[in-house]
Protein chains: 2
Amino acid sequence: MTIHLTDTGDNAALKACTHEYQVSCGNCRLNSICLPLALESDDIQQLDDIIQRSKPLQKSQHLYREGDDFQSVYAVRSGTLKAYKTTDDGREQVTGFYFPGEILGMDGISNNSHASSAKALETVAVCEIPFTSLEKLSTLMPNLQRHFFQLMSREITEDQQLITLLSKNSADERVASLMLSISTRNARRKLSSTQFRLPMSRVDIGNYLGLTVETVSRVFSRMQKMDILLVDNKEIEILDVDSLRRMANLSA
Amino acid sequence: MTIHLTDTGDNAALKACTHEYQVSCGNCRLNSICLPLALESDDIQQLDDIIQRSKPLQKSQHLYREGDDFQSVYAVRSGTLKAYKTTDDGREQVTGFYFPGEILGMDGISNNSHASSAKALETVAVCEIPFTSLEKLSTLMPNLQRHFFQLMSREITEDQQLITLLSKNSADERVASLMLSISTRNARRKLSSTQFRLPMSRVDIGNYLGLTVETVSRVFSRMQKMDILLVDNKEIEILDVDSLRRMANLSA
DNA sequence: TTACCTTCTTGACTTGAATCAAGGCAGGCA
DNA sequence: TGCCTGCCTTGATTCAAGTCAAGAAGGTAA
């Protein structure tokens with residue numbers, strides 16, 4: 001039996017998941033994001049068979065920790081996670097935020113142990129994809145192999161975007177870019193691209209963007225004063241996308 | 001016929017490559033870096049068959065450019081390359097340096113077009129690995145598939161290291177880290193870990209580390225004054241590794 | 001050899017973001 | 001209801017790295 005997953009909005013994690021573990025990839029409304037593949041229905045069945053849909057994670061619980069044995073990669077079904085590394089001197093570096101449909105954990109493949117930790121920013125449901133099964137299946141399904149090569153390659157290019165952002169852009173540009181990125185990712189999930197609730201704290205934003213909390217806060221205030229954003233704590237409304245784009249210094 | 005590659009030192013590119021195209025992976029002295037695999041000799045033969053060893057690139061020539069169709073990934077045989085992206089406002093962001101035994105070009109997989117450009121910093125010889133052949137071979141050789149998953153995962157974790165460096169560390173720490181990284185990579189190739197010639201300019205170093213040339217130059221001067229490094233233009237000698245490590249703020 | 005050009009270094013000054021410090025606000029709990 | 005406690009904001013000050021400017025050193029070509 002499969003049940004259609006009716007809502008994967010960020011607050012719907014519990015509702016969506018406690019009773020609806022048995023979603024299949026074929027039915028999942030996120031499959032266009034996480035599995036944009038020309039797979040035969042038979043293939044999808046095989047993939048479904050290896051994927052484990054376990055009970056949801058509560059806010060601030062870890063999906064995995066840096067140094068844990070690497071077993072699986074994970075697709076986010078609902079909710080948001082942050083990935084972070086702890087530096088040698090004990091500070092934290094947020095390396096990414098993961099929204100529904102996105103896949104995390106691939107940095108663990110190289111050493112057979114997770115290179116970063118993943119923590120739920122709110123209630124989260126994930127699909128667990130055991131990596132050895134995925135490898136075996138990939139040798140049988142060239143499309144799937146290619147898909148995972150592409151996913152990892154995308155992660156590389158996204159990291160390179162972040163490197164450029166950190167290396168070249170001002171505080172304003174960094175915050176503007178993150179807002180645009182979240183906006184785009186919401187649009188992909190058919191959610192509003194102009195109004196959303198930030199799942200992460202100012203500290204996390206600052207940490208991700210290489211800025212202090214105070215700077216992040218000041219940038220938000222400035223953008224509000226310029227009528228680019230409407231900021232009410234974590235609720236964000238983009239009032240002027242064009243100005244935001246200009247501020248982010250991105251032509252695309 | 002295969003000829004043993006006698007020298008892959010950075011200046012030996014021309015000598016090594018104009019007459020010695022026919023090296024095989026089985027004989028290549030870099031294979032412990034680029035192919036640390038338990039492959040049967042028959043497997044290695046199959047891999048050899050798809051790899052193309054073309055004529056060397058001269059300094060400042062491009063191996064590929066951002067936006068080029070993605071066909072292959074490349075293993076560096078001798079010499080050094082830099083990878084860089086051009087930002088929307090026309091500036092350059094160096095995303096990595098690639099030394100002999102290292103593999104580049106994997107960021108092109110996700111879009112079937114190269115996400116960055118690769119330019120020779122000196123005379124360079126590469127092994128070209130056509131990606132579609134590699135994919136096919138990977139479905140037949142699970143070890144090879146796993147190896148490429150691992151290589152890509154390593155690229156991700158290295159990018160995350162750089163993100164952390166850019167986001168959290170001072171100019172001194174960044175330059176110290178790069179010197180240690182180059183030192184380590186030299187050691188892997190059985191070259192001196194304490195004395196080497198930087199293949200890249202100060203501009204490239206600054207660009208990679210998110211610093212200006214002037215700052216890079218000042219850091220080198222400071223390190224020289226502290227008897228940590230001996231700097232003579234591009235010739236570097238590490239006088240005090242422990243202090244350099246302390247300066248880089250890395251316990252490892 | 002000189003002349004030119006690029007790359008590197010050093011100094012003086014400026015500036016954007018960090019730090020330090022104080023208060024405000026919202027949500028949870030007694 | 002009111003009081004914590006943990007976020008978030010705002011202001012004043014400091015500082016690390018950027019900018020601007022000048023000159024030195026190294027490589028290349030005539």
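Values in this document were obtained by computation on a predicted structure and should not be read as measured data. Below, chain A is the first sequence line, B the second, and so on; all start at residue 1.
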Tabulate atom names and distances for all N/O pairs under 3.5 angstrom spanning the protein and nucleotides 10-14 of chain C.
unit_1, atom_1, unit_2, atom_2, d
C:dT10, OP2, B:Ser221, OG, 2.2
C:dG11, N7, B:Arg218, NH1, 2.9
C:dG11, O6, B:Arg218, NH2, 3.4

Round to the nearest Å and state the distance from [X] atom [atom1] to [N] atom [atom2].
X: A:Met223; N: D:dC8; atom1: CE; atom2: P; answer: 17 Å
X: B:Asp204; N: C:dT7; atom1: CG; atom2: P; answer: 9 Å
X: B:Asn233; N: C:dT6; atom1: CG; atom2: C1'; answer: 11 Å
X: A:Ile205; N: D:dC7; atom1: CD1; atom2: P; answer: 14 Å
X: B:Asp172; N: D:dA17; atom1: CG; atom2: P; answer: 7 Å
X: A:Leu121; N: D:dG6; atom1: CG; atom2: P; answer: 18 Å
X: A:Glu173; N: C:dG16; atom1: CD; atom2: P; answer: 12 Å
X: A:Phe220; N: D:dT10; atom1: CZ; atom2: C1'; answer: 16 Å

Inset, instruction - Output, in order, the C-alpha distance, side-chain angles, deciding distance and verdict of side-chain contact (heavy atoms from CB on, under 4.5 Å) for B:Ile236 and B:Phe220. - result: CA-CA 10 Å; B:Ile236 299 287; B:Phe220 275 133; 4.1 Å; yes

Inset, instruction - Please state whether the rings of A:His114 and A:Tyr64 are parallel, tilted or perpendicular, taking 30° and 60° as the class boundaries. - result: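 If you compare the ring of A:His114 with that of A:Tyr64, the planes turn out parallel.
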
Legend entry - Pair B:Glu235 + B:Arg197: basic N to acidic O under 4.0 Å: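 Salt bridge flag = yes for B:Arg197 with B:Glu235.
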
Legend entry - Pairing of B:Arg154 and B:Glu102 as salt bridge, 4.0 angstrom limit: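 Judged by the 4.0 Å cut-off on N to carboxylate O distance, B:Arg154 and B:Glu102 do not form a salt bridge.
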
Inset, instruction - Go through B:Leu57 and B:His62 one step at a time and tell me if the side-chain contact (heavy atoms from CB on, under 4.5 Å) criterion holds. - result: CA-CA 8 Å; B:Leu57 246 64; B:His62 279 83; 6.0 Å; no

Inset, instruction - Kindly say if B:Lys234 contacts the phosphate of D:dG26, meaning a side-chain N or O under 4.0 Å from OP1 or OP2. - result: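 Indeed not, no polar side-chain atom of B:Lys234 lies that close.
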
Inset, instruction - For C:dA18, take OP1 and OP2 only and decide whether either is under 4.0 Å from a side-chain N or O of A:Thr212. - result: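 Checking A:Thr212 against C:dA18: at least one side-chain N or O falls below 4.0 Å of OP1 or OP2.
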
Inset, instruction - Indicate the atoms forming the closest heavy-atom contact of B:Asn186 with B:Ser192, along with that distance. - result: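 Nearest heavy atoms, B:Asn186 then B:Ser192: CB-O, 3.4 Å.
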
Inset, instruction - Just do the salt bridge (Lys or Arg N to Asp or Glu O under 4.0 Å) check on A:Lys82 and A:Glu92 with the steps written out, would you? - result: CA-CA 11 Å; A:Lys82 73 168 173 182; A:Glu92 193 173 286; 3.0 Å; yes

Legend entry - Residue A:Leu211, side-chain heavy atoms: nucleotide from D:dT9, C:dA18, D:dG18 that is nearest: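 Closest nucleotide among those given: C:dA18.
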
Inset, instruction - Using a heavy-atom cut-off of under 4.0 Å over every strand shown, decide if A:Gly210 touches base, sugar-phosphate, or nothing. - result: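 Sugar-phosphate only.
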
